[in-house]
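Ligands are counted one by one from 1 in listed order, and the atoms in each one are counted from 1 as well.
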Amino acid sequence: MNNECVIGIDIGGTNIRIGRTDENDQLVDFERVSSKETFKDGNISESLTEVLKNYLDKYCKNVQVKQIAIGIPATLSSDRKQILQVPNIKGMDGLFLGKELEENLGIPVVLEKDVNMLYYWDKYDKKLSDEGVGIGVYIGTGVGNAIFINGKPLAGKDGVAGELGHIPMIGGTSQCGCGNLGCSECYASGWKLVELKEEYYPDVDMNDLFVKKSNDTVLKNFVDNIACVACAEINILNPDSIIFGGGVINMKGFPKDYLEERLYVHARKPYPAESLEIQYSEDKVDNGVKGAIIFAKTLLEK
Ligand SMILES: [Zn+2]
């Protein structure tokens, strides 16, 4: 691929991360710009076009960009052309962002859910086979979920398959950010962990929470909640591989052994309980960009 490259972009609530491939298909020219600053006037397509034009001017003057792939923290239509709903960035709902950028830049642009980009990277990093069913459970601020069947993300009729964070818990009454009551995210997410810390451990630094308190019942119950939610999916899909990741799972002292113990408890016996194969994703800033690049390259191979 001399003089050709693909660009991967990971849009988050805080940062937009961008990178491209070099002649050896390695990630280079990784940059971060502030999402708030970029999107402050609400003209998402124009602002992102500007950011990308600057990037292209800086790094791609003598390189042909074959494909751009963008990870979006949102629900997308099943054909991935329209952004349905974004919780953290104003002005994105309803946009046909790929088409608009394509027209502005003259380069093919595709969108995919950000968690699916993370899974593309993890699948590559862990050398997982494309055959069968693979799932990713990413406990960050919310509960992110990727379901891959034969190497491709499951989208569903409307594009919103894999909303593991919004499984209704029987008898649950907590208010979820999505508007419903009692979603799994109200019991097993990073924002729930922050609430627990404030209520039970106001004097403990968030970074030390699991180091100091992982044997407390409150946190053991929290980890059990994560296992319960994940097992809802594991018991339905009997996946070939399971990846856990996200900021909470990667916190110092997070009790992976206890999580696995509880996964075994909640998984159906003898299977899938006896055959669970759990792997962990390292939380690195460029995982989403690297995943987007891998996705972009699969499109060129067709
Ligand atoms: Zn919800």
When you check the side-chain N and O atoms of D224 and Y258, is any donor under 3.5 Å from an acceptor? no
Pull up every protein N/O/S atom sitting under 2.8 Å from the Zn ion (ligand 1), skipping waters. H166 ND1, C176 SG, C178 SG, C183 SG
Kindly give the cluster partners of Y124, where membership spreads through any ILVMFWY side chain lying under 4.5 Å from a current member. V110, V115, M117, L118, Y119, Y120, W121, L128, Y138, F148, I243, I294, F295, L299
Take S77 and Q82, measure what side chain to side chain donor-acceptor pair (under 3.5 Å) needs, and give me the verdict at the end. CA-CA 5 Å; S77 61; Q82 188 179 24; 5.3 Å; no
Return yes if a side-chain donor-acceptor contact under 3.5 Å exists between E282 and N250, otherwise no. no
Is the closest basic N to carboxylate O distance between K53 and E50 below 4.0 Å? no
In sequence, state the C-alpha distance, the side-chain angles, and the governing distance for D122 and S281, and then conclude on side chain to side chain donor-acceptor pair (under 3.5 Å). CA-CA 6 Å; D122 285 332; S281 160; 3.1 Å; yes
